[in-house]
Every structure is written in structure tokens, then in C-alpha cells.
Amino acid sequence: MKQYGQHHSKMIVEVNSYAHILNVEQEITYFNQSTDSLSTIILNDWNNAYSNVNSPLARRFSDEFYRGFHLAKEEERGSTQSITVVDQNKLPLAWERNTDVPDVIHIRLRQKVAPNQKVTLILTYFVKIPSDTFTKYGYDSKDNMTLKNWFLAPARYSNHNFIKYNNENLDDIVNAISDYDISLKIPKKYTVTTDLNSSLSFEKYGYAYYDLKGKNRLDFNLIVETENTFTSYQNKELEILTNIVDTKLSTNQKALIIDCITHYAENFIGKYPFEKIVVTQTDYERNPFYGLNQLPSFISPFSDTFAYEIKFMKAYLNVFLKNSLALDERKEAWVHDAIQIYTMMKYIESNHADTKMLGSAANYKLLKSFNLTNIDFNDQYSYFYMLMARKNLDQPLNTPKDALIKFNEQIASKYRAGLSLRYLDNYLENQVVENSIHELYATKMGQAVFENEFENILKKNSPKDINWFFSTIINSRKAIDYKFVNVSKTKDSISFSIRNKTGFIVPVPIYGLKDGEIIFKKWIDPQATDSIYSMNRKGVDKIVLNYKNEVPEYNLRNNWKSLKGFFPNNRPVKFVFMKDLEDPYYNQILYVPTVEYNLYDGFILGMRLHNKTILEKPFIFDVTPSFSTKSETLSGSGFVAVNHNYRNSALYNARYTFSGSYFHYAPDAAYMKFNPSIQLHIRNKDNFRDNRKELIYLRQVIVNREVSKIAPTDFVENYSIFNAKYYNTKTEVTNHFSFMTELQASSKFSKAIVEVSYRELFENNRRVNLRLYAASFLHNNTKSDYFSFSLDRPTDYMFDYNYYGRSENSGFFSQQLIIAEGGFKSKLGTPYANQWITAVNGGYTLWNWVEVYGDIGFLKNKYRKDQLLFDSGIRLNLVTDYFEVYLPVYSSNGWEFNDNKYNEKIRFIITFSPTIVLNLFNRKWF
């Protein structure tokens with residue numbers, strides 16, 4: 001049934017700009033457009049998602065490691081308060097929230113409303129606007145307000161049910177289409193910007209009164225500012241109001257860009273149904289063009305006009321589609337994303353076909369060798385998709401938006417949706433996809449778009465069977481990875497078979513090239529994996545599958561065959577500095593100068609050689625031959641690894657590694673370590689957002705130690721240890737829990753170990769940390785403490801930790817702290833245990849980065865009684881895991897500052913590893 005705004009919402013809204021509260025009186029006329037009689041009306045109340053730290057929105061913030069909302073002051077959060085509801089007879093109506101979907105309210109009617117009948121609801125309530133620091137919607141430091149989803153609105157009714165979703169900061173509210181009449185009262189000093197038709201009615205007693213009207217609306221923008229930041233651009237059909245920031249372009253330059261983009265969107269998609277559209281800086285910042293937005297302001301590889309063009313186009317198309325296509329954006333976001341990104345790709349093809357991914361950077365001689373600077377602008381979409389596919393983190397395009405991991409929701413799934421439409425368009429040709437977009441827009445504008453309607457239109461317009469497109473490309477995460485097999489050639493013809501290594505058959509284009517020029521292109525529509533294809537050679541010297549990257553493919557490195565010479569896939573070696581995108585036509589070796597340090601080797605100067613491009617690979621090598629300046633010897637480390645992804649099981653990755661290293665552990669002695677290992681990564685295969693991860697880690701540690709006369713130990717022989725670990729970890733911003741159990745076994749000893757860690761962040765920004773370490777020898781035939789459990793400074797006999805002076809017993813380097821084994825910070829009289837140890841480490845925040853810590857432990861040595869030891873002090877957590885200082889106060893030794901050597905008791909953590917920074921980034925996105 002068509003929905004042409006039969007619902008009507010009339011509001012009187014008074015703005016209290018100082019308290020950030022809206023006083024709302026609202027009359028909703030609800031027209032039952034369904035075939036069901038309704039006893040309950042459901043209204044979306046998404047502003048109430050900001051009300052407490054247990055809401056679905058708060059849980060999502062925690063899940064994505066954003067702590068700002070959890071630590072916010074009460075006045076910074078939002079809510080919907082003092083709701084009253086009466087019917088047209090002024091009789092009160094009961095309403096309620098449920099715990100599953102608390103961001104809607106259920107209003108129970110006194111009488112059922114029959115199909116094609118209306119009911120009137122009269123509501124009053126206060127809207128407390130949140131700070132814009134959480135989602136960029138709300139009030140800012142100057143009391144300006146960007147308002148979104150702030151009022152109570154009827155939820156859409158479809159398939160005999162109301163569509164009920166929580167606000168999870170995904171911009172996917174599903175409102176029923178309604179008409180709006182709003183009387184707005186605000187302090188006179190404020191201006192109002194909205195995409196509704198607005199007029200200033202009158203001013204009185206320091207207040208301005210506006211009338212806002214709109215028909216057939218899903219939602220609308222309302223921006224209240226003390227100084228108007230918006231500029232109006234008017235063309236024949238539409239008024240565009242925007243405040244997207246660019247100080248380098250004139251108003252006329254922006255007008256030309258905006259006019260070009262709006263006309264392109266109208267021609268490509270359809271005519272925007274309203275007279276006015278508002279495109280805000282907030283719209284862009286919430287969904288930027290990733291890559292462009294990551295560049296520092298002093299780097300400008302793109303012209304000012306192009307940068308503004310991309311920013312405005314991304315934001316404009318997003319608003320354009322959200323306001324005019326009534327999709328269920330939670331379930332069918334892929335349709336919106338596909339049309340948006342596909343339109344952008346076609347726009348670039350039409351207007352900037354020669355632009356590269358990094359713009360003018362491709363013109364610099366120093367950067368010409370990088371594939372990153374040479375690929376076309378539109379090719380970056382494929383690389384962002386492959387980034388997740390190679391990590392085995394890609395998700396089906398029809399995955400509900402709230403089930404997508406952040407990187408997919410913001411970037412990879414959007415880009416893959418656009419790539420998929422381009423793939424289908426290239427396969428079908430004759431503008432079938434473009435015409436289908438036109439048809440969807442023309443027939444469903446102003447109506448609810450039901451599930452699978454776009455799919456049905458595409459199938460109707462397609463001259464070929466495209467069921468494979470939806471079953472494989474849209475509704476699954478089946479990977480596509482084609483390769484040639486059984487290639488034979490003559491002077492005049494070519495014969496070959498093609499095989500999708502993952503077993504799924506979809507169409508793929510084959511290109512014939514001669515001296516880099518395309519001689520022919522032909523679409524292959526495989527019916528079986530062993531089909532043989534023959535075609536005229538036409539003088540080509542290379543055949544390539546998916547040469548223009550039209551198919552969203554998992555791996556492009558096996559897509560070509562040379563038809564000359566004896567080595568058909570002989571890729572030349574290409575040396576690249578630092579990092580690069582994968583180039584399927586070269587064997588890339590990346591080189592990076594490195595500098596490391598330890599007390600015995602001094603500065604370790606090396607050249608890292610590896611093949612780790614931005615995309616994961618099934619085979620990786622990484623070696624760093626080095627020279628130690630102090631010992632004046634060669635040193636270094638390296639590994640080779642094989643990755644195997646499992647696409648459809650809880651075991652999602654197996655990694656087989658062989659690593660080795662050679663460094664000094666004392667001034668006159670070095671060690672050599674070899675480490676063959678297997679890592680089995682396990683996750684929830686039905687919920688990729690689940691932060692719980694499991695790991696089974698099996699390895700054999702083989703150590704060859706030279707004898708040291710300067711730092712002698714009682715145990716100098718070479719040794720080999722089998723080590724098995726199991727990790728189970730779940731981490732969010734508000735809490736962390738990890739469990740680890742470990743077995744170590746060698747000819748001389750064996751150990752069983754359990755370690756449990758817990759962390760909780762409270763609303764007052766106080767944090768509690770607890771760690772339990774319990775371990776016991778199963779057998780111990782050693783005659784020294786080299787393999788014993790350590791209370792405060794592990795001997796690190798498996799050479800896992802980054803000690804700067806691992807053999808030091810006094811001085812600055814001996815004070816380096818690594819939280820492992822006993823985890824104590826004070827050096828006590830019994831530093832080792834050769835039977836068993838149990839230790840608890842705890843910490844609590846006093847203020848900001850100042851914490852109090854305490855450790856307590858039981859340990860047992862052979863032929864001695866078990867001992868109870870403890871310590872306590874102050875932790876300065878300046879940069880977690882990078883720079884921390886521990887100041888002992890009181891321990892089993894007594895007061896720690898009772899002598900003049902207190903500076904020797906201070907412990908520190910200093911880390912120079914960029915991997916930790918990368919991990920902090922990864923956990924927010926992946």
C-alpha cells in the first residue's frame with residue numbers, strides 16, 4: 001500500500017539553550033495503513049539512548065573502545081523525560097519501554113484502530129539534548145545544537161509488525177513517513193537551519209517564533225546556531241544549504257562544484273523530491289571519505305576543488321538517499337551503500353578518469369615506484385574490501401548493520417556494495433543497473449521500500465539469470481579467487497580452463513594484452529570448473545582474468561598467464577621502501593632501515609626485508625639482518641609464516657611460523673633462538689562483533705646459549721622446551737577479562753600455569769585491575785633458579801620479553817619491569833620459587849594517571865616453608881604499556897624509602913614498539 005504521509009505530527013517546541021532542553025507538546029495523528037487492527041502504537045525515542053551507561057548505545061561505545069560516554073558527566077548525557085500521553089478525548093494512555101528494545105515506547109490504545117482508520121495521540125515531554133562529543137549530534141561548547149532523531153516519531157509498520165530498533169549510532173532509524181507542522185520558539189540570538197520549509201513568524205520578548213512544515217518526510221535536520229555557518233546555493237530545482245568546511249575555495253567555485261554534483265545525482269538516480277536539502281559538516285565527519293580524511297592538512301596531493309568535490313559528493317549522496325528512499329536501513333543498508341558508492345565511482349569515471357588514488361603524489365619521482373601512487377582513484381575501493389577479506393573479517397552485504405564490525409560498517413562493506421553493482425553493470429551492460437536504480441527511485445519515492453524490492457527490479461530488467469549475484473555476492477561471504485589452469489597456445493589460438501579456488505562459480509572477464517595494450521575482452525560465464533575455452537589469439541602475449549578489477553576478487557596475484565617464454569608467471573622482483581599496496585604483477589620486497597637497542601649489543605642497525613604489504617598474504621617472510629655497534633658482531637632476527645584462513649568455522653585462522661633470532665644476553669655471550677610454532681585463532685563464527693577471542697598456541701623453543709664469564713649462571717647448557725598455551729580474552733572499554741593456561745615441558749622440568757586478569761572501569765573514571773598468577777612445577781630436576789618462577793623479574797629463559805639489560809642485577813637496566821609471573825614491583829629477599837607460586841596483583845585509580853598498587857603472593861621452595869610476601873606503592877600510568885613508573889612504598893621489607901637508595905627501587909616500563917600503537921587502533925576498528 002502506498003504511503004503518502006497520512007501520518008501527521010504537529011509539535012510546539014520551546015528551546016532552552018542554556019539547559020539544552022526542548023519542551024515539546026506533540027499531537028500525532030496516526031493513520032493505520034496496514035490490514036491489521038492495532039491495539040498498540042510504537043514510537044521511536046532514540047534520544048533516550050543517551051540516558052545511561054547500560055543502554056544499547058552505551059554498550060556499543062564500550063564494545064568499540066570509546067570511553068567518553070562512560071566517563072561523561074550526567075548533564076552531558078541526553079534523555080526523554082516526563083512523558084505523558086492522552087488520546088483525543090483527553091483520557092490518559094499507558095506507555096512502557098521493554099528491556100530488549102528500550103529506545104522505543106509502546107503506547108496501549110483504549111480501543112483498537114482498524115485498517116484505514118486514524119487515532120490521535122497527544123503527548124508532552126522534555127528532550128534533554130546530549131553533548132555532541134559522543135556522536136557529533138547534540139550541543140557544542142558554544143551552545144549550538146545539531147539535532148537528529150530527537151523527537152518521538154511513529155515507527156514504520158511492515159509485514160504485520162512495527163520495525164523496532166535501538167539507537168546504536170548507525171543513522172538507521174526506520175520512521176514511518178509523516179507530515180510535520182512545527183512551531184519553534186528559540187532565543188532571538190539563534191538562527192535556524194532546516195530542510196523543512198521554514199519561515200520566521202514573529203519575534204517577541206527576546207524570542208523568535210518559526211513555523212516549520214514538511215510533507216512525506218522520514219526525518220529532518222534542525223540546526224540551531226548563534227552564528228549561521230550555512231551558505232545557500234540555489235539552482236533551478238533545488239536549494240542546497242551546506243556548511244562543509246573549505247576555506248580555500250570561493251563561494252562561486254563551490255557553487256559550480258555543487259551544481260555539477262546535484263545535476264549528476266538527478267540524472268543518474270532521479271529528481272530529489274523536496275525543495276531544500278541540508279548537507280552538514282557533521283554529515284561528512286560521521287561518514288567521511290576514508291583515505292582523504294586521514295591525510296594531514298599540510299599534505300595536499302589533491303587540488304582544493306577535487307577535495308571539496310569528493311567531500312561534498314559523499315555527504316550529499318548520503319543525505320539525498322536517506323531522505324528520499326524509505327529503506328529499512330538496518331536490514332538493507334547495502335542497497336543505500338551500493339547506490340551511493342556506485343554513483344561516486346561513475347562520477348569519477350566521467351569527470352576525473354585519470355585521477356590516481358593519491359592524486360598528484362604519483363607525479364613525484366621518489367613515489368613513482370609505489371603501487372599505492374599508481375593505482376586509479378576508483379581502485380582503492382577494491383583494496384579496502386580486500387583488506388578485510390584477507391583478514392578473514394569480511395561479512396555478507398546483507399548482514400544487519402548492527403552486526404557489522406566497525407571497519408565493515410564504515411568502510412569495507414560500503415565499498416564492496418558499490419563494487420558489486422559495478423560488477424553487475426559491467427556484466428549485464430546496456431545500462432541495466434542504472435535503469436534499475438532509476439526505476440527503484442521513481443516507483444518507490446515517498447513510499448516504504450520493502451525487503452528485496454531492488455533485487456526484484458534488477459532481476460526483472462536483466463536479460464540474463466543473475467540469481468548467482470544475490471546468492472554469492474550479496475547474501476554470502478563466499479570468496480572469489482579465479483586462476484588459469486591447463487593453458488595451451490598456438491600461433492593463432494589459445495585454450496584454457498579457469499578455476500575459482502574457493503569453489504564458487506560466477507562470471508569473470510578475460511582480457512588479451514599485447515605490450516600492455518588491451519586487444520580483446522570477453523566475459524566467461526563458467527558452467528563447470530573444468531570447462532575448456534578456446535579463442536583466437538589475435539597476437540596477444542598475455543591473458544589476464546579480471547584485468548580491470550571488475551569482479552570483487554579475493555586475490556589478484558594468480559590472474560594472469562604470459563604466453564611467451566618458458567616461465568609463464570615469472571614476476572620480476574621489485575624493491576619498495578617502507579610499505580606499499582600489493583602489486584599483482586611483481587614480487588615485492590619491502591625494505592626498512594631499523595634501529596634497536598639493548599645494553600650488550602648497543603645500537604642494533606639493521607635492514608628489514610619482508611613481503612608484508614598492506615594486504616595479508618598466505619606466505620610471509622620477514623628478516624632483519626643487523627649489526628650490533630657495541631659488540632661489533634652481526635645479529636638479527638626473522639621469520640617465515642604460512643597463513644591459512646577457514647571461512648566458515650569457529651577456527652578462522654591457522655598460522656604456521658618458523659622464527660629465529662641472534663643477540664647478546666650478556667656483554668660476552670650471545671644466544672640463538674629457534675621457534676617453530678602453530679597458532680590457532682578461534683572466534684564466534686556467528687557474531688564477528690563479539691570481542692571474545694580464543695587462541696591455541698603451540699611451539700618448540702630451542703635455545704643455544706654461549707657461556708658468559710661476566711654474567712655466569714649455574715645452567716649453561718642448550719635446551720629445548722615444548723610450550724602450549726590457551727588464551728580466552730574479552731576486552732571492552734569498561735571491562736576486560738582474560739584467562740590463560742600454559743604447559744611447559746622439557747627434559748629437566750615441566751610446569752603448569754594459570755593466569756587470570758580482570759579490569760573494570762567505573763563511571764567516576766576510577767579503574768580497578770586484578771591479576772591472578774598460579775603455577776607449579778610438575779617435575780623439576782634443575783639445580784638452579786634459572787627456570788624457577790620469579791617474583792619480580794622473570795629470567796626469561798625462552799627469550800620472549802624485550803629486556804634492555806636482561807642479565808643486569810643492579811643499576812638502571814635492572815629496574816626495568818615486565819608484568820609477568822609473580823608481577824611484584826619490589827625486590828624482596830626470596831625472588832624465586834622452585835616448587836609453586838600463587839600471586840595476586842591489584843591496582844586502583846586515585847586520580848587520572850595516578851594509581852595505587854598492591855601485590856600479595858605465596859611461594860614455596862624445596863626444603864623451605866612456604867612464604868607470604870607482599871608489596872605496595874604508587875603507579876604513574878603515564879602512557880599505558882609505553883611509559884609507566886612504579887614507586888614502592890611498603891612491602892615485606894618494611895618502608896621502602898627508609899634508606900638513601902630509594903632511587904634504585906623505582907621500577908619502570910618503557911616500550912618503543914609501534915606494534916602496541918597499531919593494536920590500539922585495530923581493536924577500535926576490527
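Taking CD of Gln234 as the start and CG of Leu238 as the end, the distance is 7.5 Å to the nearest 0.5 Å. Residue Arg766 holds its CZ atom at 11.0 Å from CG of Leu71, rounded to the nearest 0.5 Å. Ser158 OG to Ile163 CD1: the interatomic distance, rounded to the nearest 0.5 Å, is 4.5 Å.
Listed by first and then second residue, the side chain to side chain donor-acceptor pair (under 3.5 Å) pairs that reach into residues 91-105 are Asp45-Arg97, Glu96-Arg108, Asn98-His106, sequence neighbours excluded. Judged as a ring pair (Phe, Tyr, Trp, His ring centres under 6.0 Å), the pairs with a partner in residues 166-191 (not counting sequence neighbours) are, in order, Phe151-Tyr180, Tyr180-Phe220.
Residues that satisfy the ring pair (Phe, Tyr, Trp, His ring centres under 6.0 Å) test with Tyr210, not counting sequence neighbours, are absent from this structure. Partners of Ala412 according to the side-chain contact (heavy atoms from CB on, under 4.5 Å) rule, which considers only residues two or more places apart in sequence or in another chain, are Met388, Phe407, Asn408. A search for ring pair (Phe, Tyr, Trp, His ring centres under 6.0 Å) contacts involving Tyr415 returns Tyr381, Phe384, not counting sequence neighbours. Qualifying side-chain hydrogen bond (donor to acceptor under 3.5 Å, both in side chains) partners for Arg767, counting only residues two or more places apart in sequence or in other chains: none. Here Tyr207 pairs with nothing under the ring pair (Phe, Tyr, Trp, His ring centres under 6.0 Å) rule; sequence neighbours left out. The side-chain hydrogen bond (donor to acceptor under 3.5 Å, both in side chains) test applied to Tyr205 returns no partner, not counting sequence neighbours. Considering only residues two or more places apart in sequence or on other chains, His438 meets the side-chain contact (heavy atoms from CB on, under 4.5 Å) condition with Glu434. With sequence neighbours excluded, the residues satisfying side-chain contact (heavy atoms from CB on, under 4.5 Å) with Lys730 are Asp690, Asn691, Arg692, Glu732. Listed by chain and residue number, Arg156, Ile177, Ala326 satisfy the side-chain contact (heavy atoms from CB on, under 4.5 Å) test with Leu218 (two or more places apart in sequence, or in another chain).
Between the side chains of His70 and Asn765, no donor-acceptor pair of N or O atoms lies under 3.5 Å. For the residue pair Thr280 / Asn221, no side-chain donor-acceptor distance below 3.5 Å is found, with atom types taken as modelled. With hydrogens and angles left out, the side-chain atoms of Arg286 and Asn169 include a donor and acceptor closer than 3.5 Å. Glu266 and Thr262 share no donor-acceptor pair across their side chains, judged by distance under 3.5 Å alone. Judged purely by distance below 3.5 Å, without hydrogens or angles, the side chains of Thr124 and Thr84 pair a donor atom with an acceptor atom. A side-chain N or O of Gln410 and one of Tyr290 form a donor-acceptor pair less than 3.5 Å apart. A donor-acceptor contact closer than 3.5 angstrom is absent between the side chains of Tyr137 and Asn149. When only modelled atom types and interatomic distance are considered, Asn456 and Asn452 share no side-chain donor-acceptor pair under 3.5 Å. Side-chain N/O atoms of Tyr316 and Thr242 include no donor and acceptor closer than 3.5 Å.
In Gln81, the CD atom is crowded: over 12 heavy atoms of neighbouring residues, nucleotides or ligands sit closer than 6.0 Å. More than 12 heavy atoms of other residues, nucleotides or ligands lie within 6.0 Å of CZ in Phe202, so this atom counts as buried by the packing criterion. Other residues, nucleotides and ligands contribute at most 12 non-hydrogen atoms within 6.0 Å of the CD atom of Gln111.
Residues Asp63 and Arg689 are paired through a salt bridge, judged by an N-O separation under 4.0 Å between the basic side chain and the carboxylate. With respect to the salt-bridge test (charged N to carboxylate O, under 4.0 angstrom), the residues Arg330 and Asp172 qualify. Between Lys185 and Glu14 there is a salt bridge, since at least one side-chain N of the basic residue sits less than 4.0 Å from a carboxylate O of the acidic one.
Ring to ring, His7 and Phe31 are not that close: their centroids are 6.0 angstrom or more apart. The distance between the ring centers of Phe320 and Tyr441 falls below 6.0 angstrom. Between Tyr758 and Phe737, a ring centre-to-centre spacing not shorter than 6.0 Å is recorded.
Heavy atoms only, all atoms of each residue included: Leu404 and Pro396 are closest at CD2-O, 4.5 Å. The shortest heavy-atom contact between Ile405 and Gln395 is N-OE1, 3.0 Å. Contact detail for Leu440 and Ile457: the closest heavy-atom pair is CA-CD1, 3.7 Å. Listed here is the closest heavy atom pair of Pro154 and Asn44: O-ND2, 4.3 Å. Asp140 and Lys142 make their closest contact through OD1-N, 2.8 Å (heavy atoms, listed as atom of the first residue, atom of the second, distance). For the pair Glu76 and Tyr139, the tightest heavy-atom approach, listed with the atom from each and the gap, is CA-OH, 3.5 Å.
In this structure a side-chain-to-backbone donor-acceptor pair under 3.5 Å is missing from Asp283 to Asn287. At least one donor-acceptor pair closer than 3.5 Å links the side chain of Thr194 to the backbone N or O of Leu196.
Here the options are Thr231, Val278, Ile277, the test is side chain to side chain contact (heavy atoms under 4.5 Å, CB included), and the partner is Ile240; only Ile277 passes. Under the side chain to side chain donor-acceptor pair (under 3.5 Å) test applied with Lys213, the options Asp179, Asn197, Asp181 reduce to a single match, Asp181. Just one residue in the list Arg59, Lys401, Arg60 forms a salt bridge (charged side-chain N to carboxylate O under 4.0 Å, His left out) with Glu168, and that residue is Arg60.
Between Thr193 and Asn228 there is a side-chain heavy-atom pair separated by less than 4.5 Å.
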Return all side-chain donor-acceptor pairs below 3.5 angstrom for residues 125-134, not counting sequence neighbours, or 'none' if the list is empty.
unit_1: Tyr125; atom_1: OH; unit_2: Gln26; atom_2: OE1; d: 2.5
unit_1: Tyr125; atom_1: OH; unit_2: Leu152; atom_2: N; d: 3.2
unit_1: Lys128; atom_1: NZ; unit_2: Glu74; atom_2: O; d: 3.2
unit_1: Lys128; atom_1: NZ; unit_2: Glu75; atom_2: O; d: 3.0
unit_1: Lys128; atom_1: NZ; unit_2: Arg77; atom_2: O; d: 2.5
unit_1: Ser131; atom_1: OG; unit_2: Thr133; atom_2: N; d: 3.2
unit_1: Ser131; atom_1: OG; unit_2: Thr133; atom_2: OG1; d: 3.0

I'd like to know whether Trp46 forms a side-chain contact (heavy atoms from CB on, under 4.5 Å) with Trp150, so could you lay out the CA-CA distance, the side-chain angles of the two residues, the decisive distance to 0.1 Å, and finally the verdict. CA-CA 7 Å; Trp46 276 26; Trp150 53 273; over 6 Å; no

